[in-house]
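In the text below, chain A, chain B and the rest are named by the order of the sequence lines, each starting its count at 1.
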There are 2 protein chains.
Amino acid sequence: MAMNIRTLCLGILSFQEASGYELKKEVEDGMYSHFIDASYGSIYPALTQMNAEGLLTVRSEEQSGKPDKKVYAITEEGRAALAKSLAVIPAKDKFKSEFLFEMLLQQFISKDHMSRAIDKQHADLLEDLGRIEQMKKQECNCEDAGSKFVLGYGESVLRAAVNYLEAQYPRLQQQKMKAAE
Amino acid sequence: MAMNIRTLCLGILSFQEASGYELKKEVEDGMYSHFIDASYGSIYPALTQMNAEGLLTVRSEEQSGKPDKKVYAITEEGRAALAKSLAVIPAKDKFKSEFLFEMLLQQFISKDHMSRAIDKQHADLLEDLGRIEQMKKQECNCEDAGSKFVLGYGESVLRAAVNYLEAQYPRLQQQKMKAAE
DNA sequence: TGATGCATGTAATCCGTTACATGATTCA
DNA sequence: TGAATCATGTAACGGATTACATGCATCA
């Protein structure tokens, strides 16, 4: 079984009930943002399906000035399914970086393009770091050991990347300079 | 255009000619291993296709005691296509971690299972680090600035993850202990 | 008035993996 | 003798993304 969109939804819903839209937001800029992806096109069908299977319940919530939302909650069967999925030893982390690939192939790109790529990478890393710091400040999620651990892990790794990038930046610029002569 | 299997093959072949089998190996345990994935099922068709398009040339090489291999080499057109793909600012890094997801949902797993998951994560990280150290020792690839940068980046990030894991391990065990009481 | 956020959903498409098929050689 | 390495390839399948479709409210 292992990890897929279904397990992801069950996992988030085990903390709190939510709509499909809210789940997407959580994955996009919440606790899960830096190690998981999911789009509407996968979330909505998964919720409908799991509701039909009895792993979730739905309730329509009216909102003033906003469209109604379908709030999903996990059932006991859902919790059991989640536990079963988590009982598998997790697969190895997957890290995909077009940035590193491009850095490896420096010879094919201009100094200017490289600068822009590095700046973007730097900005992306800082953005992720900022999001983690914000979540650490909020008291809501930080009660449990799991959240603390995951936030700390992300922070360590991102910080290391930022530090490395900042330390190497001058060196890379120099080398490109020399190559241009 | 951006990054896909085609670009990946062109990129590796820009350093040295290789067979499909060798490309897979390079992606599996070489320089690219910790930030890129590719299987035979995607590599072989890509090579055939790009050869037909004139981005690559092939040559059959006989080997004693081993099957013949098809050695591919990049053409001028291939280099141009590669440069074009690299001219796009790289997409944001994608990091997927079932491990972190499982840590977040600690409450659903046993102390024993968690220990095994952490040990596996630790071993995976050390394996990647070991591969990087080995590549640093070899003189063959370390000439260019790109390789140095990429190896250093990987080393920094992986080292940070290992350190964090080792520092947090006792704390996590204690908490699971308390929870079991 | 035009962009952005809230909100749900479907269909086409892509991109790749997994499994299958084949076969020789070497090492334990 | 059985597993592992070298070596190439195809077909079925899966899993998710992208784009499309719709619509109201708010803010600049």
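Proximity of Lys24(B) to the phosphate of dA7(D): no side-chain N or O atom is located under 4.0 Å from OP1 or OP2. For the pair Tyr21(A) and dC6(C), the criterion of a side-chain N or O lying under 4.0 Å from OP1 or OP2 is met. For dT8(D), the OP1/OP2 oxygens have a side-chain nitrogen or oxygen of Tyr44(B) closer than 4.0 Å. Within the 4.0 Å cut-off from OP1 or OP2 of dG15(D), not a single side-chain nitrogen or oxygen of Ser42(A) is found. Between Ser39(B) and the phosphate of dT18(C), there is no side-chain N or O to OP1/OP2 separation shorter than 4.0 Å.
Across the protein-nucleic acid pair, Leu8(B) atom CG and dT17(C) atom P stand 10 Å apart, rounded to whole Å. Between Tyr40(A) atom OH and dG9(C) atom P there is a gap of 12 Å when expressed in whole angstrom units. In this structure, Gln49(B) places its CD atom 14 Å from C1' of dG16(C), rounding to the nearest Å. For Leu47(B) and dG16(C), the CG to P distance is 13 Å, given to the nearest whole Å. Separating the NZ atom of Lys96(A) from the P atom of dG16(C) is a distance of 7 Å, rounded to the nearest angstrom. A straight line from CG of Asn4(B) to P of dC15(C) spans 7 Å, rounded to a whole angstrom. Following rounding to the nearest Å, Glu62(B) (CD) and dA7(D) (P) show an atom-to-atom distance of 13 Å. Summarising the geometry, the separation between CG on Leu23(A) and C1' on dA7(C) is reported as 13 Å, rounded to the nearest angstrom.
Cluster membership check: Ile109(A) shares its hydrophobic cluster with Leu82(B), using side-chain heavy-atom separations under 4.5 Å among Ile, Leu, Val, Met, Phe, Trp and Tyr.
The pair Lys92(B)-Glu98(A) does not count as a salt bridge, with every side-chain nitrogen at least 4.0 angstrom from each carboxylate oxygen. In this structure, Glu62(A) does not pair ionically with Lys69(A), as no charged nitrogen and carboxylate oxygen lie closer than 4.0 Å. Taking the charged nitrogens against the carboxylate oxygens, Asp29(B) and Lys25(B) have no contact shorter than 4.0 Å, which rules out a salt bridge.
Comparing atom distances between the Asp37(B) side chain and each of dT17(C), dT17(D), dA7(D) picks out dT17(C) as nearest. Ranking dG9(C), dT8(C), dT10(D) by closeness to the Tyr72(A) side chain, first place goes to dG9(C).
Thr48(B) comes within contact range of no nucleotide atom at all, as no heavy-atom separation falls under 4.0 Å.
Between Val71(A) and Ile43(B), the residue whose closest nucleotide on DNA chain C is further toward the 5' end is Val71(A). In terms of position on DNA chain D, the residue among Asp68(B) and Lys94(B) whose nearest nucleotide sits closer to the 5' end is Asp68(B). Projected onto DNA chain C by closest heavy-atom contact, Gly41(A) and Gln63(A) fall at different nucleotides, the more 5' of which corresponds to Gln63(A).
No side-chain donor-acceptor contact under 3.5 Å links Lys70(B) to the backbone of Val58(B).
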